[in-house]
Each structure stands twice: as C-alpha cells, then as structure tokens.
Amino acid sequence: MGMITIQAPAKINLTLVVRGKRADGYHALESVMQMITLADRLELEDADALQFTCSDPALETADNLVVRAATMLRRHYGITRGVRLHLEKNIPAQAGLGGGSSDAAATLLALNEFWQLRCPLDEMRGFAAALGSDVPFFLDGPSALVQGRGETVTPIPHQANCHLVLAKPSAGLSTAEVYARLYARPAPDHLPAHPLPATQAMIDALRHGDPATAARALINTLESPALAMLPALSMLHERMLQQGCLGVLLCGSGSAMFGICPDAATAAHAAIDLRNDCPWTAQAEFLPA
Ligand code: C5P
C-alpha cells in the first residue's frame, strides 16, 4: 500500500459528571462527548521499521500514544513489516480536547487497514481502552454517551450543529492532577445505565438541535478543581461570555475552554479577540454524523 492519510478529530465534553471514585483509582464517569472539526492529521507510508515523526518535536517520543498503539498491534499480530507514521498536530496538548487519545484511535483504525489485520471491533475496543480512558470514544463518535471509565460508548444520533470558539491559556493541565484535586465519594459497584437528568437534558437538547438549549445544559464536574488550579480560567470564562457565547465550559480536564456561539460570525470574531488573552484560539463546529 502507498500512502494513506487519516483525520484525528478533537472532542469536547458537553457534559461530564463524575459519579464517584472506583476501587481501582479511576473515576466512574458519565459524559456526552462530541467530536469537532478541529483535527490532527496522521499519514502512513510503507517502511521496513516502525518510524514516527511529528510536526511538534516535543511530542516525537517513544511513549507517544501513536507509537504505543502501533507497537501494541504489531506485537499482537506478529507483524514484521514496518510503517512510517507522521503526525501533523493541530490540537493542543494538555487542553482536555482528547488530541492524544484521538491520535491513538486513528492509529488503530488506520493500521487495521494498512496491515489488513481484520481486527474485530470488540478486540479493537480492548486495545483502545488499554491505551487510555478516552480512546474507545474515538473509535465511534461523532457523538456519544460515555460511561464507566470511558469504555462504555453509546452513540447519540442527532443532526445538531453548534458554532464553537475554543481558547487555551498558555498553562496546560494534567488530567491526573485535576482528578487528584477532586473530592469524590466511593462509586457504588453498580451504577444504573440510564442517564442522569443532567445528561438526559443535553441528549434532548442535541436531538432538538437548538444551541441555546444545549448551552444551558452544559456541565463539567472537573471545572471547579481546574479553576482552583488555574485561576486565569475564571477570567477567560467571563471574556468568552462577553464575546457573545451562549454558554462556556472547560474542555474535559482543561485547560482549554469552549463556548457555544449563536452563529459562525460570532465564533470567528471571538476567536480573533481572545488572541489578546490566549496564545491559542480556534473556531470549530460539531463534526457532522
Ligand atoms: O486513562 P488515562 O490514562 O487517559 O487517564 C489519565 C488519568 O486520568 C488517570 O491516571 C486518572 O488519574 C484519571 N482518570 C480517572 N478516571 C477516569 C479517567 C481518567 O481518574 N475515568
């Protein structure tokens, strides 16, 4: 096979409710996750060995999730061929946008084709969950209810689109550190599968398709520990509301924030204006189904 290219989209969590801390140290979650039009690009080319390059040299390491995903498949299937993987980064790291997780899922999906592995989806989900809690979502999408540690993914069919503005302060946040700041009660062994009222409100808003209703249903349990760690986020939140966002929320464990805008022009204008406060801003939309 010559060369193939695959997009690895970012995600936002339209809701993220921590339901408790599990015995294994992870947190039981319930989240409505949504892929967006911001994306990294992964290129694959035939090679004798496993090679990895990245547009951001700081991410060009052996423990990059792209390399770990490729190594996992190669070992499992006893593949002797190599591959040259090049990652073009657009999604900032330590932002809560799932960039690394999406790159990992894209690697699994692309190599399954490239090496003609015919890996069953169940097995693929197992590889994904072993690479990171957010990785299984990226095998599905573009919109899903995510539960458990992140491995239970139920697609949400909807036609809603929202214009978004994204902004990240220069400081990033570590997911593990934000979770460590959160006080969470022990999670019960069995949580009901039906969504919480707050989650259901977002699912209903998406099915209805109205951005203002979706903006009112935004919720993220990790926002308060993240704000405590990075007070600049409160000001950013305020600025985004002043720029005309209908609702603003921390992306995952941060440190990026997203705002739902009434239209594309508001999002574009806000993305430019916020550049005065933030080194990275972007305009995006929901990734269509
Ligand atoms: O699974 P992953 O390695 O991406 O998770 C990074 C960190 O985030 C974990 O080490 C854990 O501290 C925290 N985490 C959690 N509960 C989850 C997902 C992640 O506590 N459901």
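For ligands, and for the atoms within them, numbers begin at 1 and follow the listed sequence.
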Task: Residues in ring pair (Phe, Tyr, Trp, His ring centres under 6.0 Å) contact with Tyr179, at least two apart in sequence or another chain - done: His27
- [ ] Write down, by chain and number, every protein residue that brings a non-hydrogen atom to less than 4.0 Å from an atom of ligand 1.
- [x] Gly25, Tyr26, His27, Leu29, Gly132, Ser133, Arg149, Thr175, Ala176, Tyr179
Open item on the list: Using the side chain to side chain donor-acceptor pair (under 3.5 Å) criterion, which residues pair with Glu88? Sequence neighbours excluded.
Closed with: His86
Open item on the list: A side-chain contact here means heavy atoms from C-beta on lying under 4.5 Å apart; do His269 and Val165 qualify?
Closed with: no
- [ ] Heavy atoms only: give me the nearest Ala39-Asn90 pair and the separation to one decimal.
- [x] O-ND2, 2.7 Å
TODO: Provide the full list of ring-ring contact (aromatic ring centres under 6.0 Å, His included) pairs with a residue in residues 125-172, sequence neighbours left out, each pair given once.
DONE: His76-Phe127
TODO: For Ser253 and Gly96, indicate whether the former's side chain and the latter's backbone hold a donor-acceptor pair under 3.5 Å.
DONE: no
